[in-house]
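Here the structure is a predicted model, which is why all the values come from computation and not from measurement. In listed order, ligands and their atoms are each counted from 1.
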Amino acid sequence: MSIKENLLEIKDKISKAEEKAGREPGSVKLMAVSKLHSLEEVQEAVNCGQLLFGENRVQEAEKKFSALYEQNPNKKIELHIIGQLQTNKVKNAVKIASCIESVDRYSLLEEIEKQCTKIDKVINILFEIHTGEESKSGFTSEEELLKALSACEAGVFPHICPKGFMTMAPFIEDEKLIRQSFTTLRELAQKLQKCFNKLDLSELSMGMSGDFELAIEEGSTLVRIGTSIFGQRDYTNK
Ligand SMILES: *Cc1c(COP(=O)(O)O)cnc(C)c1O
């Protein structure tokens with residue numbers, strides 16, 4: 001199937017999942033995760049009207065998206081960084097992305113603030129939360145997360161705009177555990193929104209090709225879909 005057909009099919013499934021969950025139509029955004037796919041494939045998705053993308057390696061994203069922005073000067077293409085971010089990659093990440101979804105430690109906020117100050121840019125971020133046993137990424141200490149949220153609310157990072165939370169469900173078959181991971185994120189988000197009511201923490205980035213319908217049932221506002229749009233990734237020659 002073509003990228004165009006895949007996009008149509010996914011959007012249809014998202015609509016149906018929204019309806020099934022009693023959610024407002026259009027309340028779930030679709031991100032096309034283009035890691036390990038070519039500029040040509042991403043351009044094809046843009047031609048079909050897809051404007052929100054996700055990449056997890058900064059170097060790869062930089063190459064692809066600087067070309068893509070140049071090729072489409074009149075389109076509002078947006079890129080989110082969704083992979084674990086090394087401190088020394090922040091400088092280049094904030095140049096090309098509108099949001100860093102993988103903020104998993106306090107020190108990353110300090111570096112993002114520093115680099116955004118240099119280029120006079122305000123960037124959106126999500127706090128990545130560790131919700132499943134298998135995955136390694138995300139804040140693991142609630143104390144550090146609270147420190148990060150407190151600092152954001154107190155205005156310590158004027159170039160950073162927190163939008164909510166992101167998680168990766170464990171890569172397992174057990175639907176109960178996957179759902180549990182999404183429920184954990186939603187409940188944590190609700191709790192933290194009450195504590196930090198000056199911030200708008202309404203974004204819940206959860207759900208991938210294999211589990212997005214479940215994530216929508218559990219309150220996802222943003223699903224990150226790679227394989228079901230672009231096909232299998234080829235890890236061999238990268
Ligand atoms: C690769 C990736 C995705 C997309 O995964 P698919 O299973 O291909 O849809 C989503 N989120 C993150 C953080 C990823 O790294």
Side-chain angles (χ1 to χ4, degrees), residues 1-3 5-14 17 28-38 41-42 44-45 48 50-62 64-65 78-86 89 93 96-105 108 124-140 163-175 177-179 181-182 184-186 203-236 238:
M1 284 224 302
S2 68
I3 288 173
E5 287 167 321
N6 290 342
L7 278 167
L8 285 172
E9 190 176 314
I10 286 284
K11 283 185 200 170
D12 188 52
K13 284 184 177 163
I14 290 174
V28 180
K29 294 183 285 287
L30 170 61
M31 168 197 292
V33 177
S34 49
K35 65 182 184 214
L36 297 178
H37 289 285
S38 67
E41 291 169 286
V42 180
E44 199 179 323
C48 300
Q50 178 65 31
L51 297 176
L52 174 59
F53 295 90
E55 288 273 346
N56 63 352
R57 293 179 191 79
V58 174
Q59 225 172 348
E60 178 189 342
E62 239 187 316
K64 219 181 292 177
F65 280 78
E78 268 196 66
L79 173 67
H80 291 191
I81 296 295
I82 58 175
Q84 202 165 39
L85 188 55
Q86 292 172 307
K89 300 275 165 53
I96 49 164
S98 62
C99 180
I100 311 283
E101 293 201 5
S102 41
V103 172
D104 61 357
R105 57 196 188 275
L108 199 53
N124 294 334
I125 62 122
L126 300 181
F127 298 98
E128 183 175 359
I129 308 297
H130 179 91
T131 58
E133 283 312 310
E134 316 267 305
S135 82
K136 291 167 262 108
S137 46
F139 274 91
T140 43
K163 291 287 184 185
F165 303 92
M166 185 268 248
T167 201
M168 294 246 274
F171 292 105
I172 48 171
E173 296 283 316
D174 188 341
E175 194 175 295
L177 286 180
I178 297 173
R179 187 187 290 278
S181 157
F182 297 146
T184 300
L185 189 72
R186 185 194 63 229
E203 194 85 282
L204 281 185
S205 173
M206 55 188 199
M208 312 184 4
S209 292
D211 56 23
F212 71 93
E213 284 152 311
L214 218 54
I216 291 172
E217 276 181 45
E218 295 302 322
S220 171
T221 62
L222 173 58
V223 292
R224 310 180 306 267
I225 312 287
T227 310
S228 296
I229 295 173
F230 295 109
Q232 292 292 335
R233 288 178 286 273
D234 181 3
Y235 287 98
T236 52
K238 308 276 162 136

- Message: Taking the basic N atoms (NZ, or NE/NH1/NH2) and the acidic carboxylate oxygens, is any pair closer than 4.0 Å for Arg179 and Glu218?
- Response: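 Salt bridge flag = yes for Glu218 with Arg179.
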
- Check ion pair Lys35-Glu60 (N to O, under 4.0 angstrom):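 No, Lys35 and Glu60 are not salt-bridged.
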
Atom pairs, nitrogen or oxygen, ligand 1 to protein, under 3.5 angstrom:
from	atom 1	to	atom 2	distance (Å)
ligand 1	8 (O)	Thr227	N	2.8
ligand 1	8 (O)	Thr227	OG1	2.5
ligand 1	8 (O)	Arg233	NH1	2.7
ligand 1	8 (O)	Arg233	NH2	3.2
ligand 1	9 (O)	Ser209	N	3.0
ligand 1	9 (O)	Ser209	OG	2.5
ligand 1	9 (O)	Gly226	N	2.8
ligand 1	11 (N)	Arg224	NE	2.9
ligand 1	15 (O)	Lys35	NZ	2.6

- Item | Between CZ on residue Phe230 and OG on residue Ser38, distance to nearest 0.5 Å |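 Phe230 CZ to Ser38 OG: 8.5 Å, rounded to 0.5 Å.
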
- Item | Euclidean distance, Phe165 CZ relative to Leu126 CG, rounded to 0.5 Å |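 Between atom CG of Leu126 and atom CZ of Phe165 there are 9.0 Å.
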
- Contacts of type salt bridge (Lys or Arg N to Asp or Glu O under 4.0 Å), residue Glu101, not counting sequence neighbours: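 Partners of Glu101 under the salt bridge (Lys or Arg N to Asp or Glu O under 4.0 Å) test: none.
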
- Nearest heavy-atom neighbours spanning Ser228 and Ile10: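 Ser228 and Ile10 have their closest heavy atoms at CB-CD1, 3.6 Å.
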
